[in-house]
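Written out below as structure tokens is the structure these notes cover.
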2 protein chains.
Amino acid sequence: MDVFEALGAPHRRAIVELLGDGESTAGQIASHFSISRPAISQHLGVLVDAGVLHVRAAGRERRYSLRTESLAEVEDWLESQRVRWASALDRLSEAMDSGEGER
Amino acid sequence: MDVFEALGAPHRRAIVELLGDGESTAGQIASHFSISRPAISQHLGVLVDAGVLHVRAAGRERRYSLRTESLAEVEDWLESQRVRWASALDRLSEAMDSGEGER
DNA sequence: ACTGTATGTAAGCAATTGCTTACGCGTTGT
DNA sequence: ACAACGCGTAAGCAATTGCTTACATACAGT
């Protein structure tokens, strides 16, 4: 599953938001939600698979943290879309300037 | 369905990429994919609902175009995440500077 | 060694998703 | 008026998702 799909689920986005404050353990994360701990564990698995999170074992805990590179990946995509959109607009206004009356 | 979920599906992202070149009709869009036309129609519906696309009826055609504001929404979210992440790092290094030996 | 704590994994299930084919409805051209 | 076109909607279906409870594993504290 890629980054976009991973961020598609609201709960997973909420997890990312939580981790914006910094690293935290699976249990701490789960405590913020009303769904079961295993459900969170599965979401965390998806996020790690997608490269959004990084896990670090620390004793019996597992500390999750954001991998900002993955968010950058999404940002890059958006950026590239905006660029293409902008140049499409350019072409459009160019066409309107020159060929106004055509069809 | 919100923008994130809408962009979660690969086909829908591909549609957005297509529309980066400018407005186009449902049929034109569908012709780029191997899935059925109704399937594309449904994806278009989702994207419009999510505010990603705008439709304009033109005779018997329907012209779809990007609503860049919605992509900006996603970008804002990412941005805000990055800000929080950055300040979390600040707090961390601050803590390390001052209280090094604690814990 | 033994108990409790932190966590992932397995199995099962209802709801949702992404697709298909069949159909309906307005628009265009003759 | 009528045929063909462009498109959305309905119905149905298999696959996937998001959850649950129950279980397994591994470390920590006594």
Side-chain angles (χ1 to χ4, degrees), chain A residues 1-19 21-67 70 74 102-103, chain B residues 1-19 21-67 70 74 102-103:
Chain A
M1 201 185 281
D2 67 23
V3 189
F4 287 88
E5 290 177 71
L7 294 178
H11 276 147
R12 288 199 286 268
R13 243 171 304 144
I15 290 175
V16 168
E17 286 171 10
L18 260 175
L19 290 177
D21 289 336
E23 193 183 59
S24 94
T25 72
Q28 287 172 342
I29 295 170
S31 70
H32 290 284
F33 297 90
S34 54
I35 62 177
S36 74
R37 201 191 41 69
I40 294 295
S41 188
Q42 286 159 16
H43 282 310
L44 290 172
V46 170
L47 288 168
V48 169
D49 272 10
V52 178
L53 302 188
H54 174 254
V55 219
R56 171 165 78 92
R60 62 184 159 184
E61 296 177 339
R62 312 194 100 222
R63 305 233 166 95
Y64 290 86
S65 55
L66 265 178
R67 274 193 68 246
S70 69
V74 177
E102 282 166 64
R103 205 306 82 149
Chain B
M1 199 184 280
D2 67 25
V3 189
F4 285 90
E5 288 176 74
L7 294 179
H11 275 148
R12 286 198 288 267
R13 244 170 305 146
I15 290 175
V16 168
E17 286 171 11
L18 262 174
L19 291 177
D21 288 336
E23 194 183 57
S24 94
T25 72
Q28 287 172 342
I29 295 169
S31 71
H32 290 284
F33 297 90
S34 55
I35 63 177
S36 75
R37 200 192 41 71
I40 294 295
S41 188
Q42 284 159 18
H43 282 310
L44 290 171
V46 170
L47 287 167
V48 169
D49 272 11
V52 178
L53 302 187
H54 174 254
V55 219
R56 171 165 80 91
R60 62 183 160 185
E61 297 178 337
R62 311 196 100 221
R63 305 234 165 96
Y64 290 87
S65 54
L66 265 177
R67 275 193 68 246
S70 68
V74 177
E102 280 166 63
R103 166 90 281 241

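First the proteins, then the strands, lettered A, B, ... as listed; each starts at 1.
- Among residues two or more places apart in sequence or in another chain, the side chain to side chain donor-acceptor pair (under 3.5 Å) test is passed with A:Gln28 by none.
- One can place CD1 of B:Ile29 at 9 Å from P of D:dC7, the figure rounded to the nearest angstrom.
- Judged by distance alone with a 3.5 Å cut-off, no donor-acceptor contact links the side chain of B:Arg62 to the base of D:dC7.
- Following rounding to the nearest Å, B:Arg60 (CZ) and C:dG26 (P) show an atom-to-atom distance of 15 Å.
- By the 4.5 Å heavy-atom criterion applied to side chains, A:Leu19 and A:Ser65 are not counted as neighbours.
- Residue B:Met1 holds its CE atom at 11.0 Å from CG of B:Leu7, rounded to the nearest 0.5 Å.
- Expressed to the nearest 0.5 Å, how far CG of B:Leu53 lies from CZ of B:Arg12 amounts to 10.5 Å.
- Atom CD of A:Glu61 and atom P of D:dA28 are 9 Å apart (whole Å).
- Mapping B:Ala26 and B:Gln42 onto DNA chain D via the closest heavy atom, the residue that lands nearer the 5' end is B:Ala26.
- Within 4.0 Å (heavy atoms only), A:Ala9 reaches sugar-phosphate atoms of the nucleic acid but no base atom.
- Regarding B:Ile35, its CD1 atom lies at a distance of 11 Å from the C1' atom of C:dT20, rounded to whole Å.
- Across its full length, the helix from C:dA1-D:dT30 to C:dT30-D:dA1 shows an angle of 30° between the axes of its 5 terminal pairs at either end, rounded to 10 degrees.
- The side chain of A:Arg37 approaches C:dG8 more closely than any other nucleotide in the set C:dG8, C:dT9, D:dC7.
- With rounding to whole Å, B:Phe33 atom CZ is found 14 Å from D:dC7 atom P.
- Of the side-chain N and O atoms in B:His43, one or more sit less than 4.0 angstrom from OP1 or OP2 of C:dC19.
- Computed from coordinates, the B:Met1 CE to D:dT17 C1' distance equals 12 Å when rounded to whole Å.
- Distances shown here put every side-chain N or O of B:Ser41 at or beyond 4.0 Å from the OP1 or OP2 atom of D:dC7.
- Atom NE2 in A:His11 sits about 5 Å away from atom P in D:dC19, given to the nearest Å.
- Judged by distance alone, with hydrogens and angles left aside, the side-chain atoms of A:Arg13 form a donor-acceptor pair with the main-chain N or O of A:Gly8 at under 3.5 Å.
- A donor-acceptor contact closer than 3.5 angstrom is absent between the side chains of B:His54 and B:Arg67.
- Residue B:Leu44 holds its CG atom at 10.0 Å from CZ of B:Arg37, rounded to the nearest 0.5 Å.
- For D:dC7, the OP1/OP2 oxygens have a side-chain nitrogen or oxygen of B:Thr25 closer than 4.0 Å.
- At D:dG6, none of the side-chain N or O atoms of B:Tyr64 fall inside 4.0 Å of OP1 or OP2 (strictly under the cut-off).
- Between the CD atom of A:Glu61 and the CZ atom of A:Arg56 there is a distance of 10.0 Å, given to the nearest 0.5 Å.
- As a whole-Å value, the separation of B:Ile40 CD1 from C:dG18 C1' is 11 Å.
- For D:dC19, the OP1/OP2 oxygens have no side-chain nitrogen or oxygen of A:Ser36 closer than 4.0 Å.
- Distance from the side chain of A:Pro38 is smallest for D:dT20 among the nucleotides D:dC7, D:dT20, C:dT20.
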